[in-house]
Visitor: 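Below you'll find the structure I mean.
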Amino acid sequence: MQSFLKKTVYAGLTLFALGSLAAVNTTTANAKKHVTTKRVAKKVKKGKHTKKQTKVTVTYYKVHFAENAAYAKSNGVVSIMNKPGKLGNAKVVANKTTMRRLAKSKLPENVFHVYGMAKTNTGLYYAHVVTLGGKYRGWIYVGKNDFQYNLDNITKNTGISATKTLRYGANPSNVNVKILDKLWTYPKFSRYNARVVSHKKASYINDDFVVESAVYNTRGWLYYYVQDAKKKSVNGWIYSGSTTARNAKKDSKKTFKKNPAKTPTDNKQTQSNPTTTTPTPSTYNLVFKYNGNFVSTKIVNLSDLSVNGTPVVTPDSIAKFIPSNYQITTDANAINTDGPIVNGGTAIINLNAVPATRLTIAIKQKDTGSLLTPSSDLVTTLNEAGQDLLNQKLVLNGQSINTDAVKSILTNRNLLSIDQSKLSTSGAGSLQFVGVDTTAIDASNPTVTLYYK
């Protein structure tokens with residue numbers, strides 16, 4: 001039976017502890033970080049009436065964002081400094097006037113890439129940023145929220161706010177093109193690592209290409225993702241103005257004698273064909289991937305993708321076919337079609353796992369597998385750790401939880417070692433954290449089991 005039932009209120013949220021389980025719901029909680037690197041402000045000389053100054057120290061962290069979710073726009077209200085602004089002798093890199101100009105700019109090179117985080121011992125957070133054009137680099141104040149795993153956690157109306165560098169565009173009516181310029185790994189200034197593809201321009205510039213997807217950048221310029229018609233290893237992004245449509249009729253005539261190319265009307269039956277009485281539905285292949293790994297394939301009727309009489313592959317048109325526990329990524333490469341949406345065609349859809357919105361934390365003894373009952377104060381700390389996991393979207397439905405990420409949270413909450421007096425165990429001393437249950441998270445009852453020894 002339950003040894004206790006305790007109800008407590010934390011940060012405006014009602015949390016429950018039942019037996020050895022700590023039930024957690026989503027809320028905003030700021031994790032206490034372990035100081036690993038320190039920088040100290042200059043000491044203020046004490047005068048007769050000088051208040052004692054607190055030394056400012058800073059902890060630096062790596063950030064962990066999806067490749068398309070590491071970008072931000074200036075809000076025009078805070079300057080960029082060469083180091084976190086509360087440290088001594090910090091110098092201005094870009095003043096407020098410059099930041100206001102960048103806030104109004106639509107140029108992609110004026111978007112910021114966020115690649116680091118700092119927290120002062122007074123609870124202030126700073127982002128390490130650089131414009132995609134490389135002109136401005138430094139530290140900017142972003143409030144009092146931890147954003148190590150999610151830029152959306154940045155406090156509103158501070159230095160920067162999360163943004164997207166690309167949005168979906170429409171493929172041209174004729175997807176067969178010639179290109180006039182070199183290919184890029186991403187549209188220029190849309191990613192911090194965008195670069196010209198490794199293939200020499202001369203080796204592909206005269207080839208035929210097929211447009212597979214299209215995006216707009218922040219300026220509204222349209223870019224195409226193109227695939228070499230014959231060399232599968234040659235593909236990349238190019239500005240639409242650097243392409244020209246090519247006539248595919250000549251190619252079709254050459255191949256028609258041996259293997260007629262399919263058209264949208266291939267499967268329509270005509271009165272001149274007396275052997276078949278039932279039309280075969282036109283179908284389309286939806287291939288779903290997560291982190292580059294195959295998830296499933298769904299074969300659907302073209303009519304199921306129809307919008308106003310025209311088959312299209314968009315987040316809305318394929319929503320009902322998405323595998324459970326997944327959602328379409330917001331990246332410009334989320335949906336990749338092999339050409340026009342016709343019978344026999346294929347689209348590759350990249351997915352993200354859906355984050356859990358509630359969580360139960362259980363503690364087990366590693367050697368015996370026994371479920372341990374935490375004390376009431378330990379339950380409160382476990383609830384806080386659970387909220388950290390949810391806020392940072394580390395618990396994903398249908399996926400195994402990352403042990404290192406859990407260990408980082410437990411470190412911040414001083415839970416790597418737990419005194420046995422706070423658990424339902426006999427004996428003196430402490431139990432040490434040794435791992436987590438890596439079974440995939442059950443969306444109906446998301447539970448993270450911690451093992452101690």
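The analysis underlying the following values was restricted to heavy atoms, covering all of them including side chains, and did not include hydrogens, waters or symmetry mates.
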Visitor: Roughly how far apart are Ile441 CD1 and Asp437 CG, rounded to 0.5 Å?
Guide: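 Between atom CD1 of Ile441 and atom CG of Asp437 there are 8.0 Å.
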Visitor: I'd like to check the side-chain contact (heavy atoms from CB on, under 4.5 Å) partners of Ser173; sequence neighbours left out, ordered by chain and number.
Guide: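 Expected list: none.
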Visitor: Compare all side-chain heavy atoms of Leu132 with those of His113 and state whether any distance is below 4.5 angstrom.
Guide: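 A side-chain contact exists here, since the closest heavy-atom pair is under 4.5 Å.
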Visitor: Yes or no on side-chain contact (heavy atoms from CB on, under 4.5 Å) for Thr185 and Asn193, after CA distance, side-chain angles and deciding distance?
Guide: CA-CA 8 Å; Thr185 55; Asn193 56 347; 6.0 Å; no
Visitor: Grab the two heavy atoms, one from Tyr71 and one from Asn68, that are nearest each other, plus how far apart they are.
Guide: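 Looking at all heavy atoms of both residues, the closest pair is CD1-O, 4.0 Å.
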Visitor: What residues form a ring-ring contact (aromatic ring centres under 6.0 Å, His included) with Tyr186, not counting sequence neighbours?
Guide: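 Result, ring-ring contact (aromatic ring centres under 6.0 Å, His included) vs Tyr186: none returned.
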Visitor: Are side-chain N/O atoms of Gln420 and Tyr452 paired as donor and acceptor at under 3.5 Å?
Guide: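 No, Tyr452 and Gln420 have no side-chain donor paired with an acceptor closer than 3.5 Å.
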Visitor: Could you measure the distance from the OG atom of Ser213 to the CD1 atom of Ile335? Nearest 0.5 Å is fine.
Guide: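 Rounded to the nearest 0.5 Å, the OG-CD1 separation comes out at 10.0 Å.
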Visitor: Tell me whether Asn75 contacts the main-chain N or O of Val77 through its side chain, where contact means a donor paired with an acceptor under 3.5 Å.
Guide: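 Not at all, since once roles are kept as given, no pair shorter than 3.5 Å links the two residues.
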Visitor: Would you call Val130 and Tyr192 a side-chain contact if the rule is heavy atoms closer than 4.5 Å?
Guide: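 Side chain of Val130 against side chain of Tyr192, heavy atoms only: no contact under 4.5 Å found.
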Visitor: If we ignore hydrogens and angles and just use 3.5 Å, is the side chain of Thr165 paired with the main-chain N or O of Ser190 as donor and acceptor?
Guide: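 The answer is yes, because a donor-acceptor pair under 3.5 Å joins these two groups.
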Visitor: Is any side-chain heavy atom of Leu286 closer than 4.5 Å to one of Val300?
Guide: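 In short, these two side chains touch, coming nearer than 4.5 Å.
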Visitor: Using only atom types and a distance under 3.5 Å, with no angle test, would you say the side chain of Gln227 pairs donor to acceptor with the backbone of Val234?
Guide: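 Yes, because the side chain of Gln227 sits within donor-acceptor range (under 3.5 Å) of the backbone of Val234.
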Visitor: Does atom CG (Asp367) have a neighbourhood of more than 12 heavy atoms from anything else shown, all under 6.0 Å?
Guide: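 Buried by this count: over 12 neighbours within 6.0 Å.
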Visitor: Under a 4.5 Å cut-off applied to non-hydrogen side-chain atoms, are Lys178 and Thr243 in contact?
Guide: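 No, every pair of side-chain atoms sits at 4.5 Å or beyond.
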Visitor: Check whether any side-chain N or O of Asn402 sits under 3.5 Å from a backbone N or O of Ala405 as a donor-acceptor pair, and report yes or no.
Guide: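 Present.
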Visitor: State whether the side chain of Ser408 and the backbone N or O of Asp404 hold a donor-acceptor pair below 3.5 Å, judged by distance alone.
Guide: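 The answer is no, because no donor-acceptor pair under 3.5 Å joins these two groups.
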Visitor: With Ala443, which residues qualify under side-chain contact (heavy atoms from CB on, under 4.5 Å), at least two apart?
Guide: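 Ala443 satisfies side-chain contact (heavy atoms from CB on, under 4.5 Å) with Asn325, Asn397 only.
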Visitor: Under 4.0 Å between a side-chain nitrogen and a carboxylate oxygen: does that hold for Asp207 and Lys231?
Guide: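 Answer for the salt bridge query: yes.
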Visitor: Between atom CG of Leu378 and atom CG of Asn383, what is the distance when rounded to the nearest 0.5 Å?
Guide: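 Reported value, rounded in 0.5 Å steps: 9.5 Å.
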Visitor: For Ser303, check side-chain hydrogen bond (donor to acceptor under 3.5 Å, both in side chains) against everything at least two apart and list the hits.
Guide: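 Listed in chain order: nothing, the list is empty.
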Visitor: Any side-chain donor paired with an acceptor under 3.5 Å for Ser370 and Gln365?
Guide: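 No, because no side-chain N or O of Ser370 sits under 3.5 Å from a partner of the opposite role on Gln365.
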Visitor: Can you find a heavy atom in the side chain of Ile418 that is under 4.5 Å from one in the side chain of Ser430?
Guide: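 No. Closest side-chain heavy atoms not under 4.5 Å.
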Visitor: I'd like to know whether Leu431 forms a side-chain contact (heavy atoms from CB on, under 4.5 Å) with Lys453, so could you lay out the CA-CA distance, the side-chain angles of the two residues, the decisive distance to 0.1 Å, and finally the verdict.
Guide: CA-CA 5 Å; Leu431 295 182; Lys453 183 176 179 180; 5.9 Å; no
Visitor: Between Ser74 (side chain) and Leu102 (backbone), is there a donor-acceptor pair under 3.5 Å?
Guide: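 No; zero donor-acceptor contacts below 3.5 Å.
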Visitor: Run the side-chain contact (heavy atoms from CB on, under 4.5 Å) check on Val129 and Trp139 step by step: do they pass?
Guide: CA-CA 6 Å; Val129 299; Trp139 293 89; over 6 Å; no
Visitor: Going by the rule ring-ring contact (aromatic ring centres under 6.0 Å, His included), which residues pair with Phe209 if we only count those two or more places apart in sequence or in a different chain?
Guide: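 Here no residue qualifies.
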Visitor: Checking the side chain of Ser240 only, and the main-chain atoms of Leu222 only, is there a donor and an acceptor separated by less than 3.5 Å?
Guide: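 The answer is yes, because a donor-acceptor pair under 3.5 Å joins these two groups.
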Visitor: Using side-chain heavy atoms (C-beta onward) and a distance below 4.5 Å, is Lys422 in contact with Asp377?
Guide: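 Side chain of Lys422 against side chain of Asp377, heavy atoms only: contact under 4.5 Å found.
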Visitor: Treating Tyr284 as the side-chain partner and Thr346 as the backbone partner, does any N or O pair qualify as donor plus acceptor under 3.5 Å?
Guide: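 Answer holds: yes.
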Visitor: Looking at CZ of Arg413 and OG1 of Thr411, how far apart are the two atoms once the value is rounded to the nearest 0.5 Å?
Guide: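 Arg413 atom CZ to Thr411 atom OG1 measures 12.0 Å (nearest 0.5 Å).
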Visitor: Which atoms form the tightest heavy-atom contact between Pro323 and Leu351, and what is the distance?
Guide: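 Taking Pro323 first and Leu351 second, the nearest heavy atoms are CD-CD1, 4.0 Å.
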Visitor: Could you walk me through whether Tyr149 and Val63 satisfy the side-chain contact (heavy atoms from CB on, under 4.5 Å) test, starting with their C-alpha distance in whole Å, then the side-chain angles of each, then the deciding distance to 0.1 Å, before giving a yes or no?
Guide: CA-CA 6 Å; Tyr149 292 89; Val63 289; over 6 Å; no
Visitor: Nearest heavy-atom pair of Arg358 and Asn445: which atoms, and what distance?
Guide: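 Heavy-atom minimum between the residues: NH2-N, 4.1 Å.
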Visitor: By side-chain contact (heavy atoms from CB on, under 4.5 Å), which residues pair with Lys201, not counting sequence neighbours?
Guide: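 side-chain contact (heavy atoms from CB on, under 4.5 Å) check on Lys201 returns Asp181, Lys182, Tyr204, Ile205.
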Visitor: According to side-chain hydrogen bond (donor to acceptor under 3.5 Å, both in side chains), who are the partners of Asp442, at least two apart in sequence or on a separate chain?
Guide: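 Result, side-chain hydrogen bond (donor to acceptor under 3.5 Å, both in side chains) vs Asp442: Ser444.
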Visitor: Spell out, as yes or no, whether a donor-acceptor pair under 3.5 Å connects the side chain of Asn176 to the backbone of Arg246.
Guide: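 No, because the side chain of Asn176 does not come within donor-acceptor range (under 3.5 Å) of the backbone of Arg246.
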Visitor: Looking only at side-chain N and O atoms, does Asp316 offer a donor or acceptor that is under 3.5 Å from a partner on Thr314?
Guide: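 Absent: no donor and acceptor within the cut-off.
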Visitor: Among pairs that include at least one residue of residues 216-226, which meet side chain to side chain donor-acceptor pair (under 3.5 Å), considering only residues two or more places apart or in two chains?
Guide: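 Matches after skipping sequence neighbours: Tyr225-Asn235.
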Visitor: Any sub-3.5 Å donor-acceptor pair from Ser317's side-chain atoms to Val312's backbone N or O?
Guide: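 Flag set: sc Ser317 to bb Val312 pair under 3.5 Å.
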Visitor: Would you please name every residue forming a ring-ring contact (aromatic ring centres under 6.0 Å, His included) with His199, sequence neighbours left out?
Guide: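 Applying ring-ring contact (aromatic ring centres under 6.0 Å, His included) to His199 gives none.
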Visitor: Should the ring pair Phe147 and Tyr125 be called parallel, tilted or perpendicular, given that the plane angle runs from 0 to 90° and is split at 30 and 60?
Guide: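 It falls in the perpendicular class, over 60°.
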Visitor: Might you point out which heavy atoms bring Pro355 and Leu396 nearest each other, and give the distance in Å?
Guide: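 Closest pair (atom of Pro355, atom of Leu396, distance): CA-CD2, 3.8 Å.
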Visitor: When you compare the side chains of Arg137 and Thr131, does any donor N or O come within less than 3.5 Å of an acceptor on the partner?
Guide: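 Side-chain D/A pair, Arg137 to Thr131: absent.
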Visitor: Can you confirm whether more than 12 heavy atoms, excluding those of Lys188, are under 6.0 Å from its NZ atom?
Guide: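 Atom NZ in Lys188 is not crowded, with 12 or fewer foreign heavy atoms closer than 6.0 Å.
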Visitor: Identify all side-chain donor-acceptor contacts of residues 288-297 below 3.5 Å with residues at least two apart in sequence or on another chain.
Guide:
none

Visitor: Taking ring-ring contact (aromatic ring centres under 6.0 Å, His included) as the definition, give me every residue that meets it alongside Tyr451, ordered by chain and number, with sequence neighbours left out.
Guide: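 Partners of Tyr451 by the ring-ring contact (aromatic ring centres under 6.0 Å, His included) criterion come out as none, since no residue qualifies.
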Visitor: Could you tell me if Asn110 and Ser105 have a donor-acceptor pair between their side chains, going purely by distance under 3.5 Å?
Guide: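 Ser105 vs Asn110: donor-acceptor pair found between side chains.
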Visitor: Got a sec, which residues hit side-chain contact (heavy atoms from CB on, under 4.5 Å) with Val436, two or more places apart in sequence or on another chain?
Guide: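 For Val436 the side-chain contact (heavy atoms from CB on, under 4.5 Å) partners, ignoring immediate neighbours, are Ile401, Thr403, Val406, Phe433, Thr438, Leu450.
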Visitor: How far apart are the closest heavy atoms of Ile328 and Ala334, and which atoms are they?
Guide: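 Scanning both residues completely, I find the closest heavy atoms to be CG2-CB, 3.7 Å.
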Visitor: With side chains defined as the heavy atoms from C-beta onward, is the minimum distance between Val114 and Ile154 less than 4.5 Å?
Guide: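 They are not in side-chain contact.
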Visitor: Verify whether one side chain among Asn308 and Thr310 offers a donor that lies under 3.5 Å from an acceptor in the other.
Guide: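 No - no donor-acceptor pair under 3.5 Å links their side chains.
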Visitor: Taking C-beta and beyond as the side chain, do Leu423 and Ser375 meet within less than 4.5 Å on heavy atoms?
Guide: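 No. Closest side-chain heavy atoms not under 4.5 Å.
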Visitor: From the options Asp388, Leu359, Leu389, select the one residue that forms a side chain to side chain contact (heavy atoms under 4.5 Å, CB included) with Leu394.
Guide: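 Passing option: Leu389.
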